[in-house]
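Please read the structure below before turning to the comments.
Sequence positions, counted from 1, serve as the residue numbers for this chain. Below, each value reflects all heavy atoms present in this structure, side chains not excepted, and no hydrogens, waters or symmetry copies. Indexing begins at 1, ligand by ligand and atom by atom, following the structure's order.
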Amino acid sequence: MDIGKIGVVGAGQMGNGIAHVFALAGFGVVLNDLNQDQLDKGLATIQRNMERQVARGKITAEDEEKALARIQPTLSVNDFADVDLAIEAATENEDTKVKIFENLCPVLKSDALIATNTSSISITRLASSTDRPEQFIGLHFMNPVPVMKLVEIIRGIATSEDTFKTGYDIISKLDKTVAVSEDFPAFIVNRILLPMINEAVYTLYEGVGGVEAIDTAMRLGANHPMGPLQLADFIGLDTCLSIMQVLNEGLADTKYRPCPLLTKYVEAGWLGRKTGRGFYDYRGETPEPTR
Ligand code: CAA
């Protein structure tokens with residue numbers, strides 16, 4: 001299938017990044033969120049990140065201008081009637097996603113594809129909540145989307161070969177690399193990454209090291225670009241906890257038990273960078289460890 005126009009549901013961290021890369025690759029993009037404030041924030045982030053790419057000589061100012069003009073913000077999914085592919089990039093919550101598909105399906109063209117950017121939830125189950133499981137696929141982008149080269153592609157049990165091929169082709173057009181994953185909890189990247197982050201939180205919880213020691217250890221001792229606690233704040237502690245819960249419930253192995261300290265931070269509303277506080281406090285000039 002030929003994809004010309006994309007709809008993205010959710011203008012947050014992942015949704016604005018997805019809109020960014022599709023618009024730069026020449027696709028028309030309809031970007032939807034629930035309120036104007038979220039939409040404005042998403043668009044401002046896209047502009048800021050594109051300006052960063054212009055400043056580093058990765059794209060030209062003209063590329064930026066054209067890409068921004070290709071993005072149509074909207075508060076209503078009714079504007080998705082002519083998209084060829086709708087990508088859901090909302091909060092990592094199954095009920096929220098199912099509700100979005102319920103609103104989306106009656107609006108979409110019958111041959112339009114639906115993708116979800118879920119980082120852990122079953123593609124087969126999400127697909128079965130729609131009117132088109134054959135035309136449903138997991139396209140899991142990494143954060144920050146404009147920088148990270150990988151996209152995981154996940155087929156649900158009913159995903160057709162045509163849908164898979166179209167998904168594969170479109171990711172190649174974004175100059176990204178595909179890793180194909182089977183539909184098991186958290187797929188490949190998060191199956192490996194999140195238990196590592198959770199273990200870093202246990203290391204903190206048990207007093208083996210402080211925030212800075214743990215992050216320095218993994219940055220300089222394992223050559224990770226960010227320490228695991230810094231990365232957790234970057235992903236969002238609510239998202240990290242949801243993924244651990246999906247692993248814990250889906251695989252029923254105690255090794256996936258979310259660390260109580262991670263739960264406590266989420267309960268406090270300390271969700272990381274997006275709320276100004278997580279394992280670091282971002283409200284001052286430089287991030288300060290919170291323990
Ligand atoms: N948009 C566009 N460009 C961006 C950007 C953004 N949001 N963020 C950073 N960049 C660019 C910078 O302009 C810079 O470009 P050049 O290489 O051309 O100079 C480059 O990225 C590096 O940025 P910085 O120099 O500012 O900072 P850095 O060297 O510390 O790198 C980073 C930042 C790329 C985010 C790096 O720290 C990193 O790779 N961190 C790990 C990220 C990671 O693991 N992501 C996966 C998270 S897990 C996930 O997403 C899955 C899930 O479901 C939870």
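Thr74 pairs by the side-chain hydrogen bond (donor to acceptor under 3.5 Å, both in side chains) definition with Asp79, not counting sequence neighbours.
Between Gln230 and His224, the side chains place no donor N or O within less than 3.5 Å of an acceptor N or O (distance only, hydrogens not considered).
Pocket lining of ligand 1, defined as residues with a non-hydrogen atom under 4.0 Å away: Asn49, Arg52, Arg56, Lys58, Ser119, His140, Met142, Asn143, Pro144, Pro146, Val147, Met148, Asn190, Leu193, Pro225, Met226, Leu231, Ile235.
Using a cut-off of 4.0 Å between Lys/Arg side-chain N and Asp/Glu carboxylate O, Asp183 and Arg125 are scored as not salt-bridged.
Residue pairs meeting the side chain to side chain donor-acceptor pair (under 3.5 Å) criterion with at least one partner in residues 38-47, sequence neighbours excluded, are Gln36-Asp40, Gln47-Glu51. For residues 82-91, the set of pairs meeting the side chain to side chain donor-acceptor pair (under 3.5 Å) definition, not counting sequence neighbours, comprises Lys5-Asp82, Asp84-Lys109, Glu88-Lys97, Glu88-Thr116.
Taking the six-membered ring where tryptophan is involved, the planes of Tyr280 and Tyr282 are tilted, since the angle between them lies from 30° to 60°.
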